[in-house]
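Single-structure report; data block below.
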Amino acid sequence: MRVAPRPVGDIAQELGGDVVGSAQALVDHIAGIENAGAGALTFLSNRRYVPHLATTQATAVLVHPGIEPVPNGPTLIRVTDPYAAFARVLAWMYPRHRPSAGVHPRAVVADDAVVDGVFVDALAVVGAGAIIGAGSWIEPGVVVGAGARIGVDAHLMANAVVAPGCTLGDRVVLNPGAVVGGDGFGFAPTATGHEKIPQRGSATLADDVEVGSNSCIDRSALPGTTTTVGPGSKLDNLVQVGHGATLGRGVRMVAYSGVAGSSTLGDHVTLAAKAAVLGHRTIGDGVAVGAASVVHDAQPDGARVTGIPAINHRTWLRAATAFSELPNVLRALRDLRRRVKALEEARDHE
Amino acid sequence: MRVAPRPVGDIAQELGGDVVGSAQALVDHIAGIENAGAGALTFLSNRRYVPHLATTQATAVLVHPGIEPVPNGPTLIRVTDPYAAFARVLAWMYPRHRPSAGVHPRAVVADDAVVDGVFVDALAVVGAGAIIGAGSWIEPGVVVGAGARIGVDAHLMANAVVAPGCTLGDRVVLNPGAVVGGDGFGFAPTATGHEKIPQRGSATLADDVEVGSNSCIDRSALPGTTTTVGPGSKLDNLVQVGHGATLGRGVRMVAYSGVAGSSTLGDHVTLAAKAAVLGHRTIGDGVAVGAASVVHDAQPDGARVTGIPAINHRTWLRAATAFSELPNVLRALRDLRRRVKALEEARDHE
Amino acid sequence: MRVAPRPVGDIAQELGGDVVGSAQALVDHIAGIENAGAGALTFLSNRRYVPHLATTQATAVLVHPGIEPVPNGPTLIRVTDPYAAFARVLAWMYPRHRPSAGVHPRAVVADDAVVDGVFVDALAVVGAGAIIGAGSWIEPGVVVGAGARIGVDAHLMANAVVAPGCTLGDRVVLNPGAVVGGDGFGFAPTATGHEKIPQRGSATLADDVEVGSNSCIDRSALPGTTTTVGPGSKLDNLVQVGHGATLGRGVRMVAYSGVAGSSTLGDHVTLAAKAAVLGHRTIGDGVAVGAASVVHDAQPDGARVTGIPAINHRTWLRAATAFSELPNVLRALRDLRRRVKALEEARDHE
């Protein structure tokens, strides 16, 4: 997808980067380094891919400051963080067109809802008393419940749901089908069945949170309390955050990862795909949980854990590698037992 | 969130509980025991938290009959089941306002659908011949398919789907995005590809079933048959029930747990988070499956299993604890083999 | 559910099968072999169930060519593939009624969208410039984004989403709540937080793809690229396909299975329930991944792997069986160490 050509020098200037090679070279699209052709701008973040510099047909490459040009190779733009710079260029060259503010005649917006400067698309619903900040974009089929509050420049994609009374900060992104504020899973076992604990709290997503498609963030149980996702946290698709959980800043939850009720994740925690944290646990800052793990215990800051239940990651890695040897272990044990018994008998017969 | 103050004695009377302390003390909100302040009613269900009685600032606490008051402590309300009592008080003090019956002018209800006494909100769709019982509440974006039947006092939250011909009992709750009656996953492998087995059965949720956000209950394959979720069963978010599965009464499925096609869960089965039961299995009454387990085999009543594949829970617990020792096991085996060989050589040289 | 009776001979003729028994016998419904009664047509695909032929009350049974009739048993229809034949009969006898083409007055279709010969139901949205092929069926609450392209005879069930610019082939089926083209999960870590990599590619589903309820297929990141699901691939409920992934023909992904970004699955790959393939991996043709596995490594054609991380399936099976012996292994090792030490002491004292 070609766009209007721009000189490499202009792009470097916007990024605060240094050009090595032709600043006049023109780029008109973005591509991956392996299949980039003439006119392409690409990036090189992982030093492992440096050899690609000699073979790529790209016109220009965003690189770390230490990278040297190759003869007849592409123009380099040296920047501190090539990957982040690439993200920025991608956003400039291929802006996602935000529609102008206005309410589609086929949307349903409550009389007392505030949607000034918001684009509300067809068949979206904004409930009574809801307040949405300017620059926000509400796609078709989205339901914003009564009394919900949404910040500026938010983007709620098709069929996403913000249940009544929930709060989203500025620039929050909900992908299609994401649900904020469904009831938490709370039932008191009684002789006659599971009695529902009314879920009367709310759910709050801080600024710059992104939630993937069909992910679920439950409201908390007690009135006056809230499930909380901290600023800049990013949740992938099909993620689950239980009622009353508290996530810090910059948390990353990969697809299918989940946090059960009343647990706390510190800042910059990463849950890999399918990782789960059981309820009422406290997970420290910077903890990284490996794929498909189940965290049974509280974790100190910086812990790196994997497994079911999750243990130290390096320990798990060694144990997981040894796992396939288990049948051999059983065989070796039987053999040793036989031989030790023979030795014992020889000793006893002396 | 404060509400109109009520004397503790009144609340105790409604719950059939006994007051120890001031029956005239007024409570005007509900809180957790650790952060409860003046005016708060809270509860103490787990005896582990009894010490909190001495420190809580709550005005009144729901407790088990055997709990004794502390000097200058809160008023106690002794009830058989403090947690269930708490649930009831929460529901009284913070009722979820059910809107009055009526069809929003922007809803789409088929001419021959029956929605007497039902509240159908904006942009909900009720298909031809569907019948919904009085007192039910259909939120925006919900789609009720043709010929579906829904009992009284049901609550279908935003963007939930009841596919054509499916049945929901009284007081069923669907959280946002839940899907009842999608096609089951049935394909016959042929030389030219996967040939779809038409899914022509239905899905039936008995009375008092609750389904979490974005969970899926498939319709069964054969016409005249139905996937069934028994009375009072509670399904958390992102739960999956395959086509033709049969769940008993009071089953609990925690987030991401799934039952594959044609399997049967007895009454009061619990699947912890991410637990899976493979297809065509029979799981007895009261079985409990641990987190992230995969149940390969049929299970007798009362079994408690965990693991991949699931084995007896205690056995699994011991094995999982030993797992991290595996690298040491390999090392110890190598060491023993060396020493036994040396002993054997010494013996043979004698 | 009875339909108009048809002679067995007619059905056999349509299937190209041979009748053994009465070709005049009438069948008026379909049932499973165990609970089939008079008038029922059923099938026998797994030879394990051959004994049912002697006890079933069915009028006719679809069987493999080699199956012999039993005295006073049902009429047999011998066909090459009884299960596929059953699928076809089911579709004839119980057709899913496709509504006639037309746009519901309460649908919202952009002026420049092409929906000739398409049925667009109430409260569905078709965005600007979208093109949908004749015979397609768009259920209530579906959102088809601007510029999306959908082939002929597709079926998008309630509240499914096709995001802007995505492409669906002919006969594609999206179950309720499925999302095609949500943003991929791409963020560059920077000092100030996770910077979003704009997701400017698209997602493409080839002909005959089926996607289960609430499943998610992300769009790819780079403009001009696309996430791809190959012809005839079938995805169950709550499945996840990451940005830039490429799936071959006839891939089967069972519930909760996921493929992370930029990975490639060959033709006829099967991921069992809850299986995951990490990002940037290449999985060969015909690979089968067991339930709840995590595939860390590239896999050659035909590999059969299971486990976390996934290893050879047979090796895993043996190791998983041995797993419960781990506590005994530790005990046996302690015992052997003690005995070997005693033997060594005896030797050293000689």
Side-chain angles (χ1 to χ4, degrees), chain A residues 108 123 125 127 141 143 145 159 161 163 177 179 181-183 185-190 193-198 200 214-216 218 221-225 238 240 242 256 258 260 274 276 278 292 294 307-309 311-312 315-316 318-319 321-323 325-326 329 332-333 336 339-340 343 346, chain B residues 1 29-32 81 83-84 86-88 90-91 93-94 96 104 106 121-123 139-141 157-159 173 175-177 208 210 212-214 231-234 236-238 249-250 252 254-256 273-274 291-292 307-308 320 323-327 329-330 333 336-337 340 343-344 347:
Chain A
V108 176
L123 305 184
V125 177
V143 179
N159 288 350
V161 174
V179 174
D183 275 1
F185 193 65
F187 298 91
T190 73
H194 304 298
E195 179 144 352
K196 177 160 180 142
I197 311 296
R200 294 292 184 269
N214 286 336
S215 287
C216 305
D218 283 346
L222 295 183
T225 68
L238 297 163
Q240 148 81 350
Y256 298 108
K274 292 177 193 274
L278 298 187
V294 178
I308 309 172
I311 56 177
N312 174 280
T315 305
W316 174 83
R318 278 193 299 260
T321 305
F323 175 72
E325 294 298 321
L326 255 178
V329 165
L333 269 178
L336 279 173
R339 287 158 66 186
V340 167
L343 287 163
Chain B
M1 287 175 55
H29 72 289
I30 276 185
D81 186 339
Y83 193 37
F86 180 71
R88 261 162 250 154
L90 199 45
M93 287 176 72
Y94 303 91
R96 184 169 271 176
H104 191 285
R106 299 290 298 278
D121 209 338
L123 304 186
E139 292 197 3
M157 299 190 205
N159 287 351
V173 175
N175 276 274
D208 301 301
E210 178 156 346
S213 302
N214 285 338
S233 290
K234 309 297 183 186
D236 198 352
N237 298 344
L238 297 164
R249 303 183 153 266
R252 289 185 350 126
V254 182
Y256 298 108
K274 293 179 193 273
I308 308 173
F323 175 73
S324 63
E325 295 298 320
L326 256 178
V329 165
L330 297 187
L333 268 178
L336 278 172
R337 261 197 297 243
V340 167
L343 287 163
E344 287 169 339
R347 175 195 60 189

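Chain letters run A, B, ... following the sequence lines, proteins first and then strands; every chain starts at 1. For clarity, every value in this text was computed on a predicted model and none was experimentally measured. All heavy atoms count here, side chains included; hydrogens, waters and symmetry mates do not.
- In terms of non-hydrogen atom pairs under 4.5 Å with chain A, the most contact-rich of B:Glu139, B:Met93, B:Arg252, B:Arg249 is B:Arg252.
- Between chain B and the options A:Thr315, A:Asn214, A:Val294, the largest number of non-hydrogen pairs under 4.5 Å is found for A:Asn214.
- Listed by chain and number, the residues in a ring-ring contact (aromatic ring centres under 6.0 Å, His included) with B:Tyr83 are B:Phe43 (sequence neighbours excluded).
- The shortest non-hydrogen separation linking B:Ala292 to A:Ile308 is CB-CD1, 4.0 Å.
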Between A:Val179 and B:Met157, does a side-chain contact (heavy atoms from CB on, under 4.5 Å) hold up when you go through it step by step? CA-CA 11 Å; A:Val179 174; B:Met157 299 190 205; over 6 Å; no
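- Closest heavy-atom contact between B:Ser324 and A:Ala319: CA-CB, 4.1 Å.
- When A:Asn159, A:Leu336, A:Leu278 are compared by the number of non-hydrogen pairs under 4.5 Å with chain B, A:Leu336 comes out ahead.
- Annotation: maximal heavy-atom pairing with chain B below 4.5 Å, among A:Glu195, A:Lys274, A:Arg200, occurs at A:Arg200.
- Using a 4.5 Å cut-off between heavy atoms, B:Ala255 contacts chain A through its side chain alone, with no backbone atom that close.
- Summarising the geometry, atom CG belonging to A:Leu123 is positioned 7.5 Å from atom CZ belonging to B:Arg106; distances are rounded to the nearest 0.5 Å.
- When heavy atoms are compared at a cutoff of 4.5 Å, B:Glu210 approaches chain A solely by way of its side chain, counted from C-beta outward.
- Comparing B:Asp81, B:Asn175, B:Asp121, B:Asn237 by how many heavy-atom pairs each has under 4.5 Å with chain A, the most go to B:Asn237.
- The candidate from A:Asp218, A:Asp183, A:Val340, A:Asn312 with the greatest count of non-hydrogen atom pairs under 4.5 Å with chain B is A:Asp183.
- Interface summary for chain B: among A:Leu326, A:Leu333, A:Val143, A:Thr190, the most heavy-atom pairs under 4.5 angstrom belong to A:Val143.
- If you measure heavy-atom distances from B:Val329 to chain A, the contacts under 4.5 Å come from the side chain alone.
- Using modelled atom types, one side-chain atom of A:His194 and one backbone atom of B:Gly250 make a donor-acceptor pair closer than 3.5 Å.
- A:Ala221 is linked by a side-chain contact (heavy atoms from CB on, under 4.5 Å) to A:Gln199, A:His243, counting only residues two or more places apart in sequence or in another chain.
- With a 4.5 Å cut-off on non-hydrogen atoms, A:Thr321 does not touch chain B at all.
- A heavy-atom distance below 4.5 Å is found between the side chains of B:Phe86 and A:Leu222.
- Top candidate by heavy-atom pairs under 4.5 Å with chain B, chosen from A:Ala322, A:Gly224, A:Pro223, is A:Pro223.
- Only the side chain of B:Ala320 comes within less than 4.5 Å of a heavy atom in chain A; its backbone stays farther off.
- Rounded to the nearest 0.5 Å, atoms CZ (A:Phe187) and OG (B:Ser233) are 10.5 Å apart.
- With hydrogens and angles disregarded, no donor-acceptor distance shorter than 3.5 Å links the side chain of A:Arg318 to the backbone of B:Pro327.
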After noting the C-alpha distance and the side-chain angles of A:Glu325 and B:Leu330, does the key distance pass the side-chain contact (heavy atoms from CB on, under 4.5 Å) rule? CA-CA 8 Å; A:Glu325 294 298 321; B:Leu330 297 187; 4.1 Å; yes
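- Residue A:Ile311 touches chain B through its side chain alone, counting heavy-atom pairs closer than 4.5 Å.
- Under a 3.5 Å cut-off, the side chain of B:Tyr256 and the backbone N or O of A:Gln240 do form a donor-acceptor pair.
- Chain A forms more heavy-atom pairs under 4.5 Å with one residue of B:Gly232, B:Pro176, B:Gly212, B:Gly307 than with any other, namely B:Pro176.
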Please lay out, stage by stage, how B:Lys234 and A:Lys196 fare under the test side-chain contact (heavy atoms from CB on, under 4.5 Å). CA-CA 9 Å; B:Lys234 309 297 183 186; A:Lys196 177 160 180 142; 5.6 Å; no
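- Chain A forms more heavy-atom pairs under 4.5 Å with one residue of B:Arg96, B:Arg347, B:His104 than with any other, namely B:Arg96.
- Minimum interatomic distance between A:Val125 and B:Ala122 (heavy atoms only, all atoms of both residues): CG2-O, 4.3 Å.
- Within the 4.5 Å cutoff, side-chain heavy atoms of A:Cys216 are placed close to those of B:Leu238.
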